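Reviewing the structure listed below.
Numbering of ligands and ligand atoms starts at 1, following listing order. This structure is a prediction, so every number in the text was calculated from the model and none was measured.
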Amino acid sequence: MKTLTLEAPAKINLTLDILGRRADGYHDMRMVMQAVSLGDTVTVAETTGGFSLLAEGISLPAGKVTLEQLAAEAFFRRLDRLMPGLEVRLAKRVPAYAGLGGGSADVAAVLRCLRALYAPDLPRQALEEIGLEVGSDVPFCVRGGTCLAEGRGEILTDLPPLPDCAIVLCKPDFGLPTPELFARVDGADLGSRPDTAAMEAALARGDLAAVAACLGNVFERMLTEDEGAEIRSIKEALLRHGALGAAMSGSGPTVFGLFDDRQKAVRAEEALEGRYRQTYLAAPVKILENME
Ligand code: C5P
């Protein structure tokens with residue numbers, strides 16, 4: 001029976017800008033996205049029938065069709081083949097509802113496993129299109145590396161890789177549902193916007209300090225006073241410990257800091273994890289093309 005295990009790297013947003021609401025209810029985005037080494041491990045195995053999803057560490061919604069199943073169905077529809085019995089096993093490490101794309105990364109890893117097992121010649125572009133049927137961040141998670149993401153998040157342009165660095169990620173205990181944050185954006189004044197062009201130029205120069213100086217996320221301006229105060233206090237703690245820059249990722253609430261010194265990053269992680277259980281040390285992950 002066919003079986004394959006792949007890593008499912010989470011993502012952070014080096015920049016996140018929202019250009020406007022679209023007629024279909026989604027928002028047009030301009031984001032610089034980066035895959036990170038904090039990730040889940042995903043195994044896809046062929047079985048004699050049906051679809052099942054097993055996850056350590058998280059409880060699965062009973063009787064609900066999961067995004068993993070929707071992705072697998074879309075994959076075999078695209079191949080015009082009957083879906084075999086499949087079991088997907090997740091070893092979860094990425095916190096959920098955290099702005100790190102953990103769910104999207106799992107779906108993307110399922111698709112990468114299915115391609116390797118059943119259709120190795122299927123172009124990556126096709127896999128990204130199938131991913132978009134399930135979620136806006138899935139195409140980037142199929143690709144990994146460093147990308148400019150536009151449209152809903154599916155129009156991807158590869159960028160030069162983030163220079164080698166240590167990344168500390170810290171998730172405070174409150175949740176910020178993505179649709180609710182997008183709803184807060186509508187009609188709101190987003191104020192000054194992240195400078196995406198400056199971020200692209202900093203990446204092109206391989207200048208980590210300049211990348212860190214350009215980090216920005218418009219969702220940070222949509223937070224309540226209490227949420228904003230907690231995000232600011234984590235950013236300040238990261239900067240005090242030597243981060244070159246810090247920002248919230250995606251629709252939050254995870255905050256990350258970029259360090260050019262691993263020792264400083266380790267000390268920042270140790271200092272923050274006393275207060276925030278979900279604190280992690282990670283590194284950038286390059287494009288995933290050859291990782292299967
Ligand atoms: O695409 P996905 O299902 O991950 O999106 C979750 C929700 O986030 C959408 O239902 C929508 O409310 C919001 N969203 C958006 N614009 C995007 C991506 C997501 O408004 N580009």
**OP:** Below 4.0 angstrom from a heavy atom of T178, which ligand 1 atoms are there? Numbered from 1 as shown, please.
**Re:** 8 (O)
Original post:
If you measure from atom 3 (O) of ligand 1 to every heavy atom of S104, G151, G135, which option wins on shortest distance?
Top reply: G135
Subject >> Element-labelled atoms of ligand 1 that are located less than 4.0 Å from some non-hydrogen atom of M29 >> reply: 21 (N)
Original post:
Considering only the protein, which heavy-atom contact is closest to atom 9 (C) of ligand 1, and what is its distance?
Top reply: Y26 CE2, 3.9 Å
**OP:** Answer side chain, backbone, both or neither: which part of F182 comes under 4.0 Å from ligand 1, heavy atoms only.
**Re:** side chain
Original post:
N/O of S136 under 3.5 Å from N/O of ligand 1, yes or no?
Top reply: yes
Original post:
What pair of heavy atoms forms the shortest contact from P284 to C165, and how long is it?
Top reply: CD-O, 3.3 Å
Original post:
If you count the atoms of ligand 1 from 1 in the order shown, which ones are under 4.0 Å from a heavy atom of G25?
Top reply: 20 (O)
**OP:** State, to 0.1 Å, how close G257 and A243 come at their nearest heavy-atom pair, and which atoms those are.
**Re:** CA-CB, 4.3 Å
Original post:
Salt-bridged, D158 to R143, with N to O below 4.0 Å?
Top reply: yes
**OP:** Go through the side-chain N and O atoms of T41 and E7 and say whether any donor and acceptor fall under 3.5 Å apart.
**Re:** yes
Original post:
Considering only heavy atoms from C-beta outward, does the side chain of K171 approach that of R277 to under 4.5 Å?
Top reply: no
Original post:
Any idea which of E150, H27, E180 brings a heavy atom closest to atom 21 (N) of ligand 1?
Top reply: H27
Original post:
How far is atom 7 (C) of ligand 1 from its nearest protein heavy atom, and which residue and atom is that?
Top reply: P179 CG, 4.1 Å
**OP:** Using a 4.0 Å heavy-atom threshold (strictly under), name the region of R152 that reaches ligand 1: side chain, backbone, both or neither.
**Re:** both
Original post:
Do Y118 and F76 have ring centres separated by under 6.0 Å?
Top reply: yes
**OP:** Decide, yes or no, whether a salt bridge links R267 with E269 under the criterion of side-chain N to carboxylate O below 4.0 Å.
**Re:** no
